[in-house]
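Letters go in sequence order (proteins before strands), and every chain restarts at 1.
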Amino acid sequence: MIPEKTEAARRLLSWYDRHRRDLPWRAKPGETADPYRVWLSEIMLQQTTVPAAAPYFRTFTDRWPTVRALADAPLDDVLVAWAGLGYYARARNLHKCARVVAEAHGGRFPATEADLLELPGVGAYTAAAITAIAFGRKATVVDGNVERVIARIFAVEEPMPAAKPTLRRLAATLTPDERPGDYAQAMMDLGATVCTPRKPKCMLCPWSEFCRARAAGIAETLPRKLAKAEKPTRRGVAYWVLNPDGAVLLRRRAEEGLLGGMAEVPSTRWEQEAPDDAAVAAQQPLPARWRRLPGLVRHTFTHFHLELEVVAAVAGTGWQSAAGTWVPVDRLGDQALPSVMVKVVRHALKTV
DNA sequence: GATACGTGGGG
DNA sequence: TCCCCAAGTAT
């Protein structure tokens, strides 16, 4: 039996007070939360682990201490700083959102869930998180952690994602009126450290007594998920070309879609079949004698595997007319190179 | 509702 | 090696 909701919240908050983690974006007890830092951290933490996000958070807040500073920055600076963190639409929306807050909201984040929801890159989860954590207002935060905790406490066996509305409704029934920010973070911390996807530490859980899934011995199997579709493999060839100054040709990817707005080593299209010599010649960024380098660059995106072969050449006369930017090899670190392209660069430098 | 969208770590 | 997963959002 689930206890009175205030009793459940009291137990969770007590657990949180004893196990609170010191995270770079978390206000210390007694400190006032900064909505800018809360927002920035929540965007970075979307589908991203704490260890991955933490160094980026420090870099961003050191360089852009306020939302106005971020709004004043060129988008490309933000993309360079975000490079490697993934889901680059977040970086584009982050910058767009900063400008909206600076220009349409006087540099202050709106303080209601409904208004926050209007901001670019801010969805249901993030709006609730900012409302609760930054403004101390009641809001039900539902992320993957909360879904898992709730699915187990109430033994919801309906598979995801169909169970989402049910889980949201059940989560809302438990949300207390007191300490909204701490409660939201406590729920997520519980899911992240105790009620984990595999091998949940039920012995350490403040809610173990009344967890229906634990009682039924099915905690680790919840929430149920349908089998995922197999990932296809796409193949392509990347063109590593140096000009007479020893600079490499890079391009800017289209603003939308995969790796939108990021820098890339030029490549053929990525398709099921690897391109043959004719396709490599047809899609070359400039005329050159291409030499296939041994080995493959492998990378896995959310929805497909990628295998890239790298071909290398030295650009002949007329290299200035190639579309793109020539970047000295020792300046590649200044570019907005996503991880897959860092792999290509390393492979080429190692092999050439 | 389904799909596109990154990356690195863990088992 | 391979699959799963992580503080989701936009379309």
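- Put simply, NZ on A:K231 is 14 Å from C1' on C:dT1, counting in whole angstrom units.
- The side chain of A:K228 lies closest to C:dC5 when the candidates are C:dT9, C:dC5, B:dG6.
- The side chain of A:T302 approaches B:dC5 more closely than any other nucleotide in the set B:dC5, C:dA6, B:dA2.
- A:L23 comes within 4.0 angstrom of a nucleotide base, judged by non-hydrogen atoms across all strands.
- When the nearest nucleotides of DNA chain C are assigned to A:G121 and A:R198 by heavy-atom distance, the more 5′-ward of the two goes with A:R198.
- Contact annotation for A:V122: backbone-only contact, meaning every heavy-atom pair under 4.0 Å involves sugar-phosphate atoms and none involves a base.
- When the P atom of B:dT7 is taken as reference, atom CG of A:L85 falls 9 Å away, rounded to whole Å.
- Contact annotation for A:V340: backbone-only contact, meaning every heavy-atom pair under 4.0 Å involves sugar-phosphate atoms and none involves a base.
- Residue A:H303 places none of its side-chain N or O atoms closer than 4.0 Å to OP1 or OP2 of B:dA4.
- Protein atom CZ of A:R253 is 15 Å distant from nucleotide atom P of B:dA4, rounded to whole Å.
- Checked against B:dT7, B:dG11, B:dC5, the side chain of A:L259 finds its nearest nucleotide in B:dT7.
- Distances shorter than 4.0 Å separate none of the side-chain N or O atoms of A:Q46 from OP1 or OP2 on C:dG8.
- Residue-level contact check: A:S339 touches the backbone only, with heavy atoms under 4.0 Å from sugar-phosphate atoms and none from bases.
- The base of B:dG6 is paired with the side chain of A:T48 by a donor and an acceptor separated by under 3.5 Å.
- Within the nucleic acid shown, A:P51 has no heavy atom closer than 4.0 Å to any nucleic acid atom.
- A:K199 comes within 4.0 angstrom of no nucleic acid atom, judged by non-hydrogen atoms across all strands.
- Cluster annotation: A:L119 is connected to A:L94 through the hydrophobic network of ILVMFWY side chains, with a link wherever side-chain heavy atoms come within less than 4.5 Å.
- In this entry the distance linking CG of A:L222 with C1' of C:dC5 reads 17 Å, nearest Å.
- For A:Y125, the listed nucleotide lying nearest its side chain is C:dG8; candidates were C:dG8, C:dA6, C:dA10.
- Environment of CZ in A:R298: sparse, with no more than 12 heavy atoms of neighbouring residues, nucleotides or ligands closer than 6.0 Å.
- Within the model, atoms OG1 of A:T131 and NZ of A:K138 stand 13.0 Å from one another, a figure rounded to the nearest 0.5 Å.
- Surrounding CZ of A:R289 are at most 12 heavy atoms belonging to other residues, nucleotides or ligands under 6.0 Å away.
- Only the P atoms considered, C:dT9 is 22 Å distant from B:dG8, to the nearest whole Å.
- Along DNA chain B, the nucleotide closest to A:G257 and the one closest to A:P161 are compared, and the more 5′ of them pairs with A:P161.
- In this structure, A:W270 atom CH2 and B:dC5 atom P are separated by 10 Å, rounded to whole Å.
- At the heavy-atom level, A:R168 lies nowhere under 4.0 Å from the strands shown.
- Side chain of A:R234 to main chain of A:F304: no donor-acceptor pair is present (N/O by atom type, distance under 3.5 Å, no hydrogens or angles).
- Between A:F301 and A:H299, a ring centre-to-centre spacing shorter than 6.0 Å is recorded.
- Taking only side-chain atoms of A:Y87, from C-beta outward, the nucleotide of B:dT7, C:dT9, B:dG6 with the closest atom is B:dG6.
- Distances shown here put a side-chain N or O of A:H299 below 4.0 Å from the OP1 or OP2 atom of B:dT7.
- The interatomic distance linking A:M160 (CE) with B:dA2 (C1') rounds to 14 Å, in whole Å.
- When the side-chain nitrogen and oxygen atoms of A:T300 are compared with OP1 and OP2 of C:dC2, none of them lie within a distance under 4.0 Å.
- In this entry the distance linking CD of A:Q185 with P of C:dA6 reads 19 Å, nearest Å.
- We find that CH2 of A:W82 is positioned 13 Å from P of B:dT7, with the value rounded to whole Å.
- Residue contacts for A:G84: at a heavy-atom cut-off of 4.0 Å it reaches the sugar-phosphate backbone alone, with no base atom in range.
- Both A:T49 and A:G123 lie near DNA chain C, and the one whose nearest nucleotide falls closer to the 5' end is A:T49.
- To the nearest 0.5 Å, the span separating OG1 on A:T268 from CD on A:Q284 amounts to 12.0 Å.
- Nucleic acid contact class of A:A124 (heavy atoms, under 4.0 Å, all strands): sugar-phosphate only.
- You'll find that the side chain of A:R148 is closest to C:dA6, out of B:dA4, C:dA10, C:dA6.
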